[in-house]
*Asks:* 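Here you go, one structure.
Naming convention: chains lettered A, B, ... in sequence-line order (proteins, then strands); numbering from 1 in each chain.
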Protein chains: 2
Amino acid sequence: MSSTNVGRITIHDVAAAASVSIATASKALNDTGRMSVETRARIRRVAQELGFRPNALARSLLSKRSFTVGLLTNDTYGRFTLPVMAGISEGLIDHGVSVFLCAIEDNPDLAKLHVDAMLDKQVDGIIATGRRIDKPLPVDLSHLPIPIVYALMTGPADAVALVPDDRQGARDAVNHLFDKGRRRLVHVTGPASFKVVEERTHAFRDALATAGMTPSEAQILTGAWSEQWGREAVEKLWSQENPPDGIFCGNDQIARGVIDALREKDVGVPNDVSVVGFDNWEIVAEQTRPPLTTVDMNLKELGRQAGRALVRLVNGEIVEPGVSKLPCTLVIRGS
Amino acid sequence: MSSTNVGRITIHDVAAAASVSIATASKALNDTGRMSVETRARIRRVAQELGFRPNALARSLLSKRSFTVGLLTNDTYGRFTLPVMAGISEGLIDHGVSVFLCAIEDNPDLAKLHVDAMLDKQVDGIIATGRRIDKPLPVDLSHLPIPIVYALMTGPADAVALVPDDRQGARDAVNHLFDKGRRRLVHVTGPASFKVVEERTHAFRDALATAGMTPSEAQILTGAWSEQWGREAVEKLWSQENPPDGIFCGNDQIARGVIDALREKDVGVPNDVSVVGFDNWEIVAEQTRPPLTTVDMNLKELGRQAGRALVRLVNGEIVEPGVSKLPCTLVIRGS
DNA sequence: AAAGCATGAGAAACCGTTTTCCCAATGGGC
DNA sequence: GCCCATTGGGAAAACGGTTTCTCATGCTTT
């Protein structure tokens with residue numbers, strides 16, 4: 001009895017049970033080779049009854065495809081990364097591809113450890129993602145023998161990268177303020193050193209210019225990504241004359257601070273001032289008073305597309321290199 | 001030249017370059033077998049120069065150990081799960097173990113798909129984690145041929161599970177209020193249907209009883225896990241006479257609502273009322289005014305320990321079954 | 001000088017699949 | 001009745017390692 005094996009049942013067991021060779025069994029199960037329909041059906045039935053599942057390791061060894069990819073991230077907090085990761089996982093499992101989670105802090109040694117482990121385990125490709133679009137991971141992936149896709153992050157110039165279309169999102173936000181009849185707009189955002197700040201600021205200026213206005217530097221306030229900065233910005237704006245009637249915030253936390261500060265000043269939102277955020281961080285956006293109108297970066301979809309792009313690369317299909325910008329969506333709530 | 005192979009270099013290449021058999025090469029690299037120290041050193045040097053890295057797939061096929069585990073989660077939002085995941089990843093990479101990320105929504109089919117994929121890929125074990133401690137995943141893991149560890153979640157009675165010690169954390173929180181001289185305490189928490197609510201409430205009552213008080217039902221307010229509920233609770237409490245001077249909140253969002261409402265009422269925190277939260281969700285806790293004193297569940301450490309427990313199980317060591325409670329830490333800030 | 005023994009290294013089996021031949025039997029065409 | 005094509009199925013190599021034997025060599029022992 002081969003059933004004394006403690007291990008899982010193999011194709012040998014199936015072959016034996018069906019009284020055929022393992023070659024025939026393999027061919028029956030993979031719908032290749034030539035044999036009578038009866039034989040094929042019988043082998044399949046036996047395999048089914050035994051609950052046979054082929055060992056992916058053995059298969060990969062031969063095919064040089066592990067149907068496994070690595071996901072490298074330096075984001076342990078995960079507000080942005082987790083939706084991306086979920087999207088990747090979702091988009092790939094349909095292709096039978098599994099995802100190795102590699103949480104590297106900002107530690108180069110840890111990163112190398114993970115990359116080596118992945119290569120040893122023969123991953124077909126790697127997706128790199130991180131906390132910050134413009135800050136590279138502490139490891140160079142550009143000379144690896146497998147394809148790389150950057151998600152929510154840009155890599156070398158000729159690499160495939162997917163990021164949200166910050167400009168379009170910001171434009172939509174500003175245009176929404178225009179639609180509400182707001183004309184005295186300001187942009188309260190994060191540190192100027194961030195790429196996304198640059199992008200959103202650029203779009204802010206652009207949208208104003210398109211509307212026939214000449215944006216001034218005083219309309220753009222950079223600070224921290226925090227509620228506190230949002231509150232401070234309101235103090236500053238309302239301490240000078242002619243405060244704005246529309247505020248586009250660089251993220252939802254700032255917007256939260258802005259809204260709280262306005263509330264404390266008895267400035268009505270959205271009656272006197274309209275506020276738009278960025279990120280659609282629901283747990284914040286839904287709990288502001290009023291609920292925050294904000295820009296959603298569709299991160300899950302971004303993850304899904306990153307997964308698909310990587311699969312195409314692995315399959316040897318050509319994917320246009322460079323940075324692809326995925327559309328953002330304005331989520332209109334009460335502010 | 002065998003270097004015309006597009007693939008990575010194998011032990012065959014090393015053996016050829018060192019003019020030995022692959023058996024000898026293998027033994028040299030694994031520090032097994034017998035050979036002269038010179039031979040061993042030479043083979044190692046050659047391997048080093050060639051940048052040889054053994055194919056983990058081939059190795060696993062033989063050893064029946066893939067050094068890979070699965071991580072099943074139904075949490076796509078990730079406030080709690082992500083630190084756990086990071087801890088798991090960190091704790092396992094040191095053992096050479098990689099982690100498959102499996103994001104199953106609450107979808108049984110998706111869950112099954114992932115579990116099957118993992119089994120096919122010969123994972124050594126699975127860690128199950130999720131959004132809610134008392135809500136099982138939509139898939140039964142109890143009859144799998146590999147060990148399972150539940151993290152931030154409980155499984156079947158005889159399963160190995162790790163959860164935070166909610167009672168101890170809550171007790172510490174209440175005792176902190178006592179230390180601050182507060183005596184009129186209330187507990188504002190989430191829906192009574194949650195296990196954690198039950199635990200924390202129990203500890204709240206217990207701590208009061210230990211201090212010689214007789215807790216009344218009026219001191220326990222259950223509602224939603226939201227800022228809004230925190231604000232409502234304050235309205236309710238301050239509309240009746242003799243409002244509390246210490247509030248222990250079931251999570252940080254509620255605490256945030258409570259603090260905001262008190263602020264709007266011009267009730268001083270921490271002068272008139274002390275507030276303690278739960279979760280140490282830093283992005284919230286650090287931005288309240290004043291910063292929130294709250295309970296940290298040490299989730300990363302929990303993840304690390306879950307990883308270690310699984311490794312022990314995989315190694316055949318015995319791990320005491322049942323639910324282990326890991327200590328929480330009170331993080332004292334300004335409230 | 002014969003026997004015994006430690007040493008160093010290689011041959012081959014094995015893990016679980018897939019795939020490329022190859023072969024025996026059958027049947028049809030002439 | 002002979003030849004050839006087709007059909008159904010199997011043997012064996014391959015993937016990249018590890019491990020168990022086996023064996024030749026040279027040294028020590030009596």
Side-chain angles (χ1 to χ4, degrees), chain A residues 2 5-44 46-47 50-68 96 119-124 145, chain B residues 2 5-44 46-47 50-68 96 119-124 145:
Chain A
S2 71
N5 281 344
V6 279
R8 316 222 226 294
I9 53 151
T10 74
I11 200 168
H12 288 87
D13 302 322
V14 175
S19 309
V20 293
S21 71
I22 57 164
T24 305
S26 174
K27 283 181 285 197
L29 296 170
N30 292 306
D31 225 349
T32 60
R34 288 178 322 200
M35 72 197 67
S36 67
V37 282
E38 295 81 27
T39 309
R40 201 181 288 276
R42 178 165 51 87
I43 295 173
R44 288 202 163 158
V46 169
L50 263 49
F52 168 72
R53 311 220 79 213
N55 182 328
L57 260 40
R59 194 178 258 182
S60 301
L61 189 55
L62 208 46
S63 69
K64 312 276 194 189
R65 283 278 306 261
S66 65
F67 289 92
T68 294
L119 291 177
D120 289 353
K121 285 173 179 153
Q122 313 293 117
V123 293
D124 297 329
Chain B
S2 71
N5 280 343
V6 280
R8 316 223 225 295
I9 54 150
T10 74
I11 199 168
H12 288 87
D13 302 321
V14 175
S19 309
V20 294
S21 70
I22 56 163
T24 305
S26 174
K27 283 180 286 197
L29 297 169
N30 292 306
D31 225 348
T32 60
R34 289 179 321 201
M35 73 195 66
S36 66
V37 282
E38 295 81 27
T39 309
R40 201 180 289 277
R42 178 165 49 89
I43 295 174
R44 288 203 164 156
V46 169
L50 264 50
F52 169 72
R53 309 221 80 213
N55 182 327
L57 261 39
R59 193 179 259 183
S60 300
L61 191 55
L62 207 47
S63 69
K64 312 276 196 189
R65 284 277 307 263
S66 65
F67 289 92
T68 294
L119 291 176
D120 289 354
K121 285 174 179 151
Q122 313 294 115
V123 293
D124 297 329

*Asks:* Between CD1 of B/Ile11 and CG of B/Leu50, what distance do you get to the nearest 0.5 Å?
*Replies:* 12.0 Å

*Asks:* If every non-hydrogen atom of A/Asp124 is compared with every non-hydrogen atom of A/Phe67, which pair is closest and at what distance?
*Replies:* OD2-N, 2.7 Å

*Asks:* Could you work out, with side chain to side chain contact (heavy atoms under 4.5 Å, CB included) as the rule, every residue matching A/Ser63, not counting sequence neighbours?
*Replies:* A/Arg65

*Asks:* Heavy atoms only: give me the nearest A/Gln122-B/Arg8 pair and the separation to one decimal.
*Replies:* NE2-NH2, 3.9 Å

*Asks:* Give, ordered by number, those residues of residues 34-42 of chain A having at least one heavy-atom distance below 4.0 Å to an atom of DNA chain D; if nothing qualifies, reply none.
*Replies:* A/Arg34, A/Met35, A/Ser36, A/Thr39

*Asks:* Distance under 4.0 Å to a non-hydrogen atom of chain A counts as contact; along DNA chain C, which nucleotides mark the start and end?
*Replies:* C/dG16 to C/dT20

*Asks:* Between B/Leu61 and A/Ala58, which heavy-atom pair has the shortest distance, and what is it?
*Replies:* CD1-CB, 3.8 Å

*Asks:* Tell me the salt bridge (Lys or Arg N to Asp or Glu O under 4.0 Å) pairs involving residues 50-63 of chain B, sequence neighbours left out?
*Replies:* A/Asp116-B/Arg53, A/Asp120-B/Arg53

*Asks:* Let me test you: for the helix from C/dA1-D/dT30 to C/dC30-D/dG1, what is the angle between the axes at its two ends (five pairs each), rounded to 10 degrees?
*Replies:* 70°

*Asks:* Less than 4.5 Å apart, any side-chain heavy atom of A/Lys121 and any of B/Thr68?
*Replies:* yes

*Asks:* I want to check something: taking the side chain as every heavy atom from C-beta on, are A/Thr10 and A/Asn55 in contact at a cut-off of under 4.5 Å?
*Replies:* no

*Asks:* Strictly below 4.0 Å, N to O, side chains only: are B/Asp31 and B/Arg44 in salt-bridge contact?
*Replies:* yes

*Asks:* Could you pull out the closest heavy-atom pair between A/Ile9 and A/Gly51, with the gap in Å?
*Replies:* CD1-C, 3.7 Å

*Asks:* As an exercise, state the distance from CG of A/Leu57 to OG of A/Ser66, rounded to the nearest 0.5 Å.
*Replies:* 9.5 Å

*Asks:* Where do N or O atoms of nucleotides 17-19 of chain D meet protein N or O atoms at under 3.5 Å, pair by pair?
*Replies:*
| unit_1 | atom_1 | unit_2 | atom_2 | d |
| --- | --- | --- | --- | --- |
| D/dG17 | OP1 | B/Asn55 | N | 3.3 |
| D/dG17 | OP2 | B/Ile11 | N | 2.6 |
| D/dT18 | OP1 | B/Asn30 | ND2 | 3.2 |
| D/dT18 | OP1 | B/Arg59 | NE | 3.1 |
| D/dT18 | OP1 | B/Arg59 | NH2 | 3.1 |
| D/dT18 | OP2 | B/Ser26 | OG | 2.8 |
| D/dT18 | OP2 | B/Asn30 | ND2 | 3.1 |

*Asks:* For A/Leu61 and D/dA14, what is the distance between atoms CG and P respectively, to the nearest whole Å?
*Replies:* 14 Å

*Asks:* Check the pair B/Met35 / B/Val20 against side chain to side chain contact (heavy atoms under 4.5 Å, CB included), numbers first and verdict last.
*Replies:* CA-CA 11 Å; B/Met35 73 195 66; B/Val20 294; over 6 Å; no

